[in-house]
Amino acid sequence: MTKLVRGFRDILAPQSNYFTEIESAARRAFALAGANEIRIPTVELKELFVKSTGDTTDIVQKEMYSFEDAGGRVLALRPEGTPGVVRAYIENNFAANSPVQKLFYIGNMFRAERPQAGRYREFEQIGFEYIGSAAPAADAETILILKDIVAAFGVKNYSVKINSLGCPECRPAYKQELINYLKKDFDALCDKCKERLERNPLRVLDCKICGPRVTASAPAQKLCAQCTEHFEEVKNLLDGRIAYDVDANLVRGLDYYTRTVFEFQAGASAQNAIAGGGRYDGLVKSMGGPQVPAVGFAMGVERAVAARGETQPARENKIFVISLDKTCNAKAFETMYNLRAEGVCADGGLFDKNLKTQLKAADKAGAAYALLLGPDELAKKIFTLRDFKTGSQKEINFENIYTEVKALI
RNA sequence: GUGGCUGUAGCUCAGCUGGUUAGAGCAUUGGUUUGUGGAGCCAAGGGUCGGGGGUUCGAAUCCCCUCAGCCACCCCA
């Protein structure tokens, strides 16, 4: 038979419920913060990602699903959400009307990496982009919204790292200084870092092989006065609201980040980054828009779900309708259907099974109550309501059924 | 993309150094003498042992290829 494509998967209950839970938590937090949802396409021109995410990144160099359509356009499945959002911001001319935008999205992303636990070729991201504000408060707010979602969803043991990468004023100088420093001991670098040196020397600090050895003596990040002030202000706003560590080696892998970057980590696996983000003050302009600052994050839903773990759902306020005889089926069915109209979760309908089987099914479905209708009940115009928690039963007259059930549930 | 480990019923696994019709527990289905679930009892169904090729009289068991999963690297969410 035809099977799943490598790296893709079916998400079944209860996992699928956890996805809904975190999405709901996110929507609540976004609504409280005044953010609007944006739905962007899954497919964009490949060049969008090359220009924004960056052609030096692995994501663009080797992880994109790209293809040519019948019209000869070179397209790609989105590997991340930010480029599409920024493209939409520019294309819809937000800058002219209401330049400050808090936008969030929930959607699946695609990267052709080698699959591993916590790393799939299709995965879901919940993302937030705060476009139009250069204020440190925007950085802090972005980080705190993310914290609220993670906390509301119930991830317990996570840590937060932040850093500042500087701006176009101070970063090139630092980059050059770092290159000069690393070149002095070029041969000691691993092969990867030799390649990285010119292209993106900051990544050497993040390297598992060279990083630990180099960082101790490497020149420290030198932020300009404005970047220093910005970073200090971000930290001030964060203090007391979230526990975090400043990690000078935190370097995000996307090209567009400036100033503040951050990462939320949880779980023991190597794929422990459940969310990450940062400021990207130059991206809108570099993509053809006006000079507009921005900051944002993206959260990996399956990683957040894995970090939180399974939850034991309480026995649902569900009523399971059971009929014991052909003569009772019509009334039982009608009652089941009408209960739903009354807003009660009514399951059941396995009327061709015997009582024991139907009760088993009710238990398995997690029902709180079973509503039994047999010839005896039909004759007396009553239902028998069984409470699964206590095992007790009581009789309810036909005419009172909806009010009584609604009172219970 | 690189390296390592793994792949037997829906799930978790057992099958010793190759030997007749491949097993268990859980799950499922059906019964359990007349209407009562949440580890009662009985029984049944379900696997071309990931797929393909090879070695052999004979392969789940050995070899090769392939696919998939996991772990590390890498990368990132």
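The structure presented is a predicted model; accordingly, all values stated were derived computationally and were not measured. We use all heavy atoms of the structure for the numbers below, so side chains are in, but hydrogens, waters and symmetry mates are not. Proteins get letters first, then strands, A, B, ... in listed order; numbering begins at 1 in each.
- A:Ala362 comes within 4.0 angstrom of nothing in the nucleic acid, heavy atoms only.
- Partner of A:Glu44 under the salt bridge (Lys or Arg N to Asp or Glu O under 4.0 Å) criterion, out of A:Arg78, A:Arg73, A:Lys51, A:Arg87: A:Arg87 alone.
- Remark: the A:Arg114 side chain and the B:C75 base include no donor-acceptor N/O pair separated by less than 3.5 Å.
- A salt bridge links A:Arg308 with A:Glu21: the closest approach of a Lys/Arg side-chain nitrogen to an acidic carboxylate oxygen falls below 4.0 angstrom.
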Exercise. If the sugar-phosphate is the primed atoms plus P, OP1 and OP2 and the base is the rest, what is the B/S/- string for nucleotides 30-37 of chain B, using protein heavy atoms under 4.0 Å?
Worked result: SSB--BBB

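- Taking atom C1' in both B:G46 and B:U32, one finds a spacing of 23 Å when rounded to whole Å.
- Look at A:Arg6 and you'll find a side-chain N or O under 4.0 angstrom from OP1 or OP2 of B:G69.
- Picking from B:C70, B:A77, B:A72 the nucleotide with the shortest atom distance to the side chain of A:Pro115 gives B:C70.
- No cation-pi contact links A:Lys161 to A:Phe264, judged by a cut-off of 6.0 Å to the six-membered ring centre and 45° from its axis.
- With B:C73, B:C76, B:C70 as the candidates, the nucleotide lying closest to the side chain of A:Arg119 is B:C73.
- Contact check on A:Glu37 versus A:Arg27 returns a salt bridge, with a Lys/Arg side-chain nitrogen under 4.0 Å from an Asp/Glu carboxylate oxygen.
- Note that A:Arg9 lies in the cation-pi zone of A:Tyr120, set by a 6.0 Å cut-off to the ring centre and a 45° limit from the axis.
- Here A:Tyr369 and A:Phe388 keep their ring centres 6.0 angstrom or further from each other.
- Taking atom P on both nucleotides, B:U29 is separated from B:G37 by 16 Å, rounded to a whole Å.
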